[in-house]
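Okay, structure first, notes after.
Heavy-atom basis, side chains included; hydrogens, waters and symmetry copies ignored. Chain letters run A, B, ... following the sequence lines, proteins first, then strands; residues in each count from 1.
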Amino acid sequence: MIVINLSSPTSVEALLERARDIAGLSFGELAGQLNVAIPENFKRQKGWTGQLIERALGASAGSKPIQDFPQLGIELKTLPLSYANTPLETTYVCYAPLTDIAGISWQTSNVRNKIRQVLWIPVQGEREIPVSERIIGHGFLWQPTERQDALLQQDWEELMDLIALGKVESITARMGQYMQLRPKAANGRALTDAIGHDGSLIKTRPRGFYLRKEFTQLVLNSVFGQ
DNA sequence: GAGTGATCATAA
DNA sequence: TTATGATCACTC
């Protein structure tokens, strides 16, 4: 049996080694080693896989708005794949700032900072596969290519411009070619401040930036070839 | 069937 | 409430 070390890895090499160690394990095997209860489905525990992998790799940030491995400058993301190895879900990046956005640029944005370096862990995501039987794939370290960075910058600037102009309520998830803005909250009653049409503050649902499946597919292609 | 909008658990 | 981890589920 593989012994999982719960402390934080102190080097990139050590982190990647841990990722290699869990590759090929089923969710059930890893959850068993970590004494984590396995749900039937994710209807009530949507972040279960991510939290399982975080524990296994020794992520330390908790719910702080920083990367999972601050010392290494690495963010951890699980990526549920179909049988055809295509992404099954969009990827949440971070909350979108809806006020006090003067002075924020793509270069200094939360989005760009978050995804400077990502350790992607592909996992089987088909819902017909019982949770305990889904297999963990081979994790890989990724940094956006210049082109990928430019694609996200384009969407980010379009969306942030609308937010700055007080048009957040007119933004739909259909906007943005590779990155979109969608509600991100416990429910529809959650409200936060945003810039209104005349520049005053309004209340709206919190929003988050999400990478479209098309973008994470580009990531997969850029790493594994198409 | 795909995608948007909604939602669930948890921590601080 | 904001933030983390995301997937659900209804509508088209």
Exercise. Within the modelled atom types, does a donor on one side and an acceptor on the other bring the side chain of A/Y95 and the base of C/dA3 under 3.5 Å apart?
Worked result: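 Checked by distance alone, the answer is yes.
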Exercise. Hey, is the side chain of A/K184 pairing donor to acceptor with the base of C/dG5 inside 3.5 Å?
Worked result: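 Counting by modelled atom types and ignoring angles, a donor-acceptor contact under 3.5 Å is found here.
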Exercise. Mapping A/A186 and A/M175 to their closest nucleotides on DNA chain B, which lands nearer the 5' end?
Worked result: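 Closest to the 5' end, via its nearest nucleotide, is A/M175.
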Exercise. Mapping A/E89 and A/K46 to their closest nucleotides on DNA chain B, which lands nearer the 5' end?
Worked result: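 Between the two, 5'-proximity favours A/E89.
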Problem set entry | Rounded distance in Å - CZ (A/R55) to P (C/dG5) |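 Interatomic distance, CZ of A/R55 to P of C/dG5: 14 Å.
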Exercise. Taking for each residue the nucleotide of DNA chain C with the nearest heavy atom, is it A/D193 or A/R44 whose nucleotide lies nearer the 5' end?
Worked result: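 Whichever sits nearer the 5' end wins; that is A/D193.
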Problem set entry | Touch class at under 4.0 angstrom, heavy-atom based, for A/T90 against every strand present |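 Contact class for A/T90: base.
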Problem set entry | A/L81 to A/L88 - nearest heavy-atom pair and separation |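 Between these two residues, the closest heavy atoms are O-CD1, 3.4 Å.
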Exercise. Counting only heavy atoms not in A/Q154, do more than 12 sit closer than 6.0 Å to its CD atom?
Worked result: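 Atom CD in A/Q154 is not packed in, count stays at 12 or less.
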Problem set entry | Over 12 foreign heavy atoms within 6.0 Å of CD, A/Q107 |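 For A/Q107, atom CD is crowded (more than 12 foreign heavy atoms under 6.0 Å).
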For this session: Report the distance from atom CG of A/L151 to atom CZ of A/F215, rounding to the nearest 0.5 Å.
Result: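 Result: 7.0 Å between the selected atoms.
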Exercise. Which nucleotide in the set C/dA3, C/dA9, C/dT2 lies at the smallest distance from any side-chain heavy atom of A/T192?
Worked result: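 Nearest to the side-chain atoms of A/T192, counting from C-beta on, is C/dT2.
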